[in-house]
S.K.: 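There's a structure below that I have some questions on.
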Amino acid sequence: MPPTEFDLHRPLRVPRPSRAPDGLPQAAGDRGSGRADSGAGGAIRPEAAVPGDDLQVFLKALTSGTRQKLFAHFIHGEELTVGEVAERAGLGPSTTSEHLAVLRRGGLLQSTRSGKLVRYRADREGIAELLGQLQAYLLAPSEPPDPPLTRG
């Protein structure tokens with residue numbers, strides 16, 4: 001996949017209403033996975049399409065164990081500055097700031113500026129929206145596989 005699909009430095013567009021299955025992009029073939037096409041005309045079924053950019057950035061933000069540990073500081077609704085999180089986590093402020101920015105772009109945190117301080121808090125609405133998109137993607141109906149050909 002092109003790196004632009006996982007650009008963690010772009011602003012996140014959350015919340016976004018979930019797209020209907022007929023509104024999902026279709027790709028011509030399943031490039032790069034080594035699997036054979038099973039749909040008519042070689043196109044991937046809409047319900048089998050890859051998640052949207054926002055959901056991919058959300059999942060990417062959660063792939064780091066460090067970011068998961070940093071996010072745990074916000075699960076009880078606390079608002080914390082970079083310095084407070086860095087001190088609690090035992091990380092440097094610049095490293096902490098970078099990880100918090102990825103979590104914010106991934107829709108897990110919100111930030112507000114008060115003078116020179118930036119306070120972060122869990123974005124419960126954004127998380128709920130993205131989890132809904134993930135659930136819709138993971139539970140999308142799929143067609144049963146074609147029966148095996150019998151030789152006669």
Side-chain angles (χ1 to χ4, degrees), residues 1-39 43-143:
M1 291 184 185
T4 56
E5 290 188 36
F6 294 102
D7 184 4
L8 296 176
H9 300 288
R10 68 168 178 79
L12 186 65
R13 299 176 317 267
V14 171
R16 177 180 74 188
S18 298
R19 293 182 276 181
D22 60 351
L24 292 175
Q26 287 189 2
D30 195 8
R31 295 181 286 261
S33 71
R35 290 183 284 164
D37 293 334
S38 60
I44 296 176
R45 293 183 320 276
E47 62 271 10
V50 296
D53 289 346
D54 293 344
L55 187 54
Q56 289 183 18
V57 175
F58 171 73
L59 294 172
K60 180 104 176 169
L62 288 171
T63 60
S64 164
T66 300
R67 286 192 291 271
Q68 292 171 19
K69 290 174 186 171
L70 291 178
F71 181 74
H73 294 282
F74 298 96
I75 60 175
H76 297 294
E78 281 190 86
E79 277 196 13
L80 301 168
T81 65
V82 172
E84 291 167 337
V85 177
E87 184 177 317
R88 290 180 183 193
L91 296 172
S94 63
T95 301
T96 302
S97 181
E98 288 179 33
H99 283 296
L100 293 177
V102 172
L103 289 168
R104 183 186 52 77
R105 285 188 296 273
L108 292 148
L109 296 177
Q110 290 180 332
S111 63
T112 54
R113 181 174 294 277
S114 175
K116 289 187 176 185
L117 290 179
V118 177
R119 295 196 171 277
Y120 291 88
R121 68 184 169 286
D123 183 355
R124 296 185 185 279
E125 290 180 19
I127 293 168
E129 168 64 28
L130 289 160
L131 287 175
Q133 290 180 31
L134 180 60
Q135 182 180 20
Y137 168 72
L138 293 174
L139 299 177
S142 61
E143 298 174 8

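Just so it is clear, the model here is predicted, and its values are computed rather than measured.
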S.K.: Atom CG of Leu131 and atom CZ of Phe58: how far apart are they, to the nearest 0.5 Å?
M.R.: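 Answer for the CG-CZ pair, Leu131 versus Phe58, is 4.5 Å.
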
S.K.: Hey, does Asp123 have a side-chain heavy atom less than 4.5 Å from the side chain of Glu125?
M.R.: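 Side chain of Glu125 against side chain of Asp123, heavy atoms only: contact under 4.5 Å found.
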
S.K.: Taking Leu109 as the fixed residue, which of Leu70, Leu80, Leu100 is the one that meets the side-chain contact (heavy atoms from CB on, under 4.5 Å) rule?
M.R.: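 The passing option is Leu100.
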
S.K.: Tell me if a side-chain donor or acceptor on Gln110 pairs with a main-chain N or O of Arg121 at a distance below 3.5 Å.
M.R.: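 Looks like no, no N/O pair under 3.5 Å.
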
S.K.: Are any non-hydrogen side-chain atoms of Phe74 and Leu108 less than 4.5 angstrom apart?
M.R.: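 No, their side chains stay 4.5 Å or more apart.
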
S.K.: Checking Arg124 now: which residues fulfil salt bridge (Lys or Arg N to Asp or Glu O under 4.0 Å) with it, not counting sequence neighbours?
M.R.: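 Here no residue qualifies.
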
S.K.: Do any side-chain atoms of residues 90-97 form donor-acceptor pairs under 3.5 angstrom with protein atoms, and if so which ones, sequence neighbours left out?
M.R.:
from: Thr96; atom 1: OG1; to: Gly92; atom 2: O; distance (Å): 2.9

S.K.: Mind checking what makes salt bridge (Lys or Arg N to Asp or Glu O under 4.0 Å) contact with Glu87, not counting sequence neighbours?
M.R.: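 With sequence neighbours excluded, Glu87 shows a salt bridge (Lys or Arg N to Asp or Glu O under 4.0 Å) to no residue whatsoever.
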
S.K.: Distance from Arg67 atom CZ to Lys60 atom NZ, nearest 0.5 Å?
M.R.: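 The CZ atom of Arg67 sits 8.0 Å away from the NZ atom of Lys60.
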
S.K.: Can any side-chain N or O of Ser114 pair as donor or acceptor with the backbone N or O of Leu117 at less than 3.5 Å?
M.R.: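 No; zero donor-acceptor contacts below 3.5 Å.
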
S.K.: Any chance you could measure Thr66, atom OG1, to Glu98, atom CD, to the nearest 0.5 Å?
M.R.: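 One finds 12.0 Å between OG1 of Thr66 and CD of Glu98.
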
S.K.: With rounding to the nearest 0.5 angstrom, report the NE2 to CD distance, His99 to Gln68.
M.R.: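 That separation rounds to 11.5 Å.
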
